[in-house]
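This structure is a prediction, so every number in the text was calculated from the model and none was measured.
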Amino acid sequence: MWGAPAEPADSYYEVRPECTDVPVTKFKIKPGKTLSVRKWQTSFAPDGQLDIGKTLNRIHRGGIHPTIRGEVWEFLLGCFDPKSTYEEREQLRKQRREQYQKWKNDCREIFPVVGSGQFITAPVITEDGQPIQDPLVLLEANNAGGDGPNSTEIVQELINRGPLDKKIIDWLLLLHQIGLDVKRTDRSLVFYEKQENLSKLWDILAVYAWIDTDVGYCQGMSDLCSPMIILLEDEADSFWCFERLMRRLRGNFRCTESSVGVEAQLSHLAAVTQVIDPKLHQHLETLGGGDYLFAVRMLMVLFRREFSFCDSLYLWEMMWALEYDPDLFYLYEEPTPSLEETKKKAKSMRHYGKFERENMKIKTDEAPLPISVFLVASVLKEKSTKLLQEARGLDDVVKILNDITGSLDAKKACNEAIKLHKKYLKKQQAKN
């Protein structure tokens, strides 16, 4: 209701009472600004087609009400085409749930802990494919609850299989690391006091690691997946939201013997900072921080550590709404004649996010930089004076940036990122 007071959003993501050092949430549900349940429902035509332009505008004004976050995110992340009908989406959802279950069953056949309500935090196999037969190794799985297999059964199952192929060995080697990270992820939330929720997070990450052999699993991915588990009730729906998010970010996690995927974004960050704040860039280079490695965490997990849980979700949906491309769904789907025909249809500029519209004005063969780069640049610019005056080494840079935890405002950061983006594009055009 207009004129009603803003409602704090903390109650939707309950924090354990003993966790007293968690940053306070700044995001508030503002009537008339936040995308409400009613406004969301009235954004659909009778057949289910979504007015995405109106939705993006509302999200940029005040974020999304926590009760509908999951279903709105499915559109923002490209799980569904806004022009699809209710019937088309239901059919696609059914197909995806079946596909996820098939992959999960494949994983369970190899390693029966998957889907058992348990998970592991210690290795079950050596790097040369030999089962680890110490029963103490799997103690975590036995203590985790559920009616799944015990450690002896798991090891025996692996022994009975004989020599394992490389894909299976590589996957099995990741499972305990996933378990260790699951135990550490969002442990301040009451939601993860339930064993079933921890197991669900482990299962999704294990299945993803099985199907994405190029990336597998890397530390930080549990932070990206965790909100999907909380926002979407069905495990398969959570998986597909995470899978779509990884389409955007998987390049950050792809590693070779000589480089880490996120290095490309770090070099872009350096280039942006050099243009918008050359004095700060020079200072960071003098300190030996010209590679901008101190910003890795912000880019890898999209500020999950710098914001409270609730505020990080608010930041993410703001970013995705600003970057939104109505062809996102088609970029992720297998091309078919019908999809190609739909994609060719002219789209109004209001169907694109504000940040994406700016990128479209620039005629270049190079892929546009993601808004996350400009968000980090905005943080550096905000702390520019402090960094120039107080940073005498990289440890000082890290300390100053760590001190921002809990003090950032998501909407202000996004607005500043847009300003820097415009400034950067203007300077680049003038240079060319």
Answer yes or no: is there a donor N or O on one side and an acceptor on the other, between the side chain of [X] and the main chain of [Y], under 3.5 Å?
{"X": "R16", "Y": "S188", "value": "no"}
{"X": "Q265", "Y": "L299", "value": "no"}
{"X": "W40", "Y": "I68", "value": "no"}
{"X": "S238", "Y": "M228", "value": "yes"}
{"X": "S226", "Y": "S222", "value": "no"}
{"X": "H351", "Y": "P82", "value": "no"}
{"X": "S199", "Y": "G117", "value": "yes"}
{"X": "D277", "Y": "K381", "value": "no"}

Looking at [Y] and [X], is any side-chain nitrogen of the basic one under 4.0 Å from a carboxylate oxygen of the acidic one?
{"X": "K399", "Y": "D395", "result": "no"}
{"X": "R350", "Y": "D51", "result": "yes"}
{"X": "K94", "Y": "E87", "result": "no"}
{"X": "E243", "Y": "R247", "result": "yes"}

Establish, for the pair R250 and Y332, whether the NZ or CZ atom is under 6.0 angstrom from the six-membered ring centre and no further than 45 degrees off its axis.
-> no
Would you please name every residue forming a side-chain hydrogen bond (donor to acceptor under 3.5 Å, both in side chains) with [X], sequence neighbours left out?
{"X": "E382", "result": "none"}
{"X": "Q219", "result": "none"}
{"X": "T55", "result": "none"}
{"X": "R93", "result": "E74, D237"}

Is any side-chain heavy atom of [X] less than 4.5 Å from a side-chain heavy atom of [Y]?
{"X": "I211", "Y": "F239", "value": "yes"}
{"X": "I204", "Y": "I229", "value": "yes"}
{"X": "L375", "Y": "L315", "value": "yes"}
{"X": "C79", "Y": "R96", "value": "yes"}
{"X": "I230", "Y": "L189", "value": "yes"}
{"X": "K83", "Y": "F329", "value": "no"}
{"X": "R58", "Y": "K54", "value": "no"}
{"X": "C107", "Y": "I110", "value": "no"}

With sequence neighbours left out, write down each residue that passes salt bridge (charged side-chain N to carboxylate O under 4.0 Å, His left out) with [X], or none if nothing qualifies.
{"X": "E88", "value": "none"}
{"X": "R184", "value": "D181"}
{"X": "K166", "value": "D170"}
{"X": "E14", "value": "none"}

Taking atom types as modelled, is there a side-chain donor on Y292 or H268 under 3.5 Å from an acceptor on the other?
->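 There is no such pair (donor and acceptor under 3.5 Å, judged by atom type) between the side chains of Y292 and H268.
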In terms of side-chain heavy atoms, does Q389 have a donor or acceptor partner in T385 at a distance below 3.5 Å?
->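 The answer is no; no qualifying pair exists.
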Across all chains, not counting sequence neighbours, the side-chain contact (heavy atoms from CB on, under 4.5 Å) partners of Y86 are F44, R89
With sequence neighbours left out, write down each residue that passes side-chain contact (heavy atoms from CB on, under 4.5 Å) with H176, or none if nothing qualifies.
-> I120, P123, L180
In Å and rounded to the nearest 0.5 Å, what is the [atom1] to [atom2] distance from [X] to [Y]?
{"X": "S378", "Y": "L408", "atom1": "OG", "atom2": "CG", "answer": "8.0 Å"}
{"X": "F307", "Y": "W316", "atom1": "CZ", "atom2": "CH2", "answer": "12.0 Å"}
{"X": "S116", "Y": "W202", "atom1": "OG", "atom2": "CH2", "answer": "7.0 Å"}
{"X": "I371", "Y": "I418", "atom1": "CD1", "atom2": "CD1", "answer": "5.5 Å"}

How about [X]: does its [atom1] atom have over 12 heavy atoms from other parts shown lying under 6.0 Å from it?
{"X": "Q95", "atom1": "CD", "answer": "yes"}
{"X": "K383", "atom1": "NZ", "answer": "yes"}
{"X": "K426", "atom1": "NZ", "answer": "no"}
{"X": "K39", "atom1": "NZ", "answer": "no"}

Step by step, would you call H60 with Y324 a side-chain contact (heavy atoms from CB on, under 4.5 Å)?
-> CA-CA 11 Å; H60 188 235; Y324 188 77; over 6 Å; no
Pairs meeting criterion salt bridge (charged side-chain N to carboxylate O under 4.0 Å, His left out) with involvement of residues 195-206, two or more places apart = K104-D203
Here the salt bridge (charged side-chain N to carboxylate O under 4.0 Å, His left out) pairs for residues 304-314, sequence neighbours left out, are D186-R304, D223-R305, R297-E306
Tested for side-chain contact (heavy atoms from CB on, under 4.5 Å) against F119, the lone hit among I178, L201, L198 is L198
Sole residue of F355, F374, Y352 in side-chain contact (heavy atoms from CB on, under 4.5 Å) with L322 |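 So the option named by the test is F355.
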Go through E317 and R61 one step at a time and tell me if the salt bridge (Lys or Arg N to Asp or Glu O under 4.0 Å) criterion holds.
-> CA-CA 11 Å; E317 62 206 20; R61 287 177 65 193; over 6 Å; no
Evaluate the criterion side-chain contact (heavy atoms from CB on, under 4.5 Å) for residue pair L328 and R248; output intermediate values, then yes/no.
-> CA-CA 10 Å; L328 194 59; R248 294 168 178 245; 3.5 Å; yes
Among F27, Y192, F309, whose ring-ring contact (aromatic ring centres under 6.0 Å, His included) with Y13 holds?
->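 Per the ring-ring contact (aromatic ring centres under 6.0 Å, His included) rule, the option paired with Y13 is F309, out of F27, Y192, F309.
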Name of the residue among Y208, W103, W210 meeting ring-ring contact (aromatic ring centres under 6.0 Å, His included) with W171 =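 Option passing the ring-ring contact (aromatic ring centres under 6.0 Å, His included) with W171: W210.
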Begin from the C-alpha positions of L76 and I64 and carry the test side-chain contact (heavy atoms from CB on, under 4.5 Å) through to its verdict.
-> CA-CA 11 Å; L76 291 180; I64 302 169; 4.1 Å; yes
Check the pair L387 / L280 against side-chain contact (heavy atoms from CB on, under 4.5 Å), numbers first and verdict last.
-> CA-CA 8 Å; L387 287 165; L280 175 60; 3.9 Å; yes
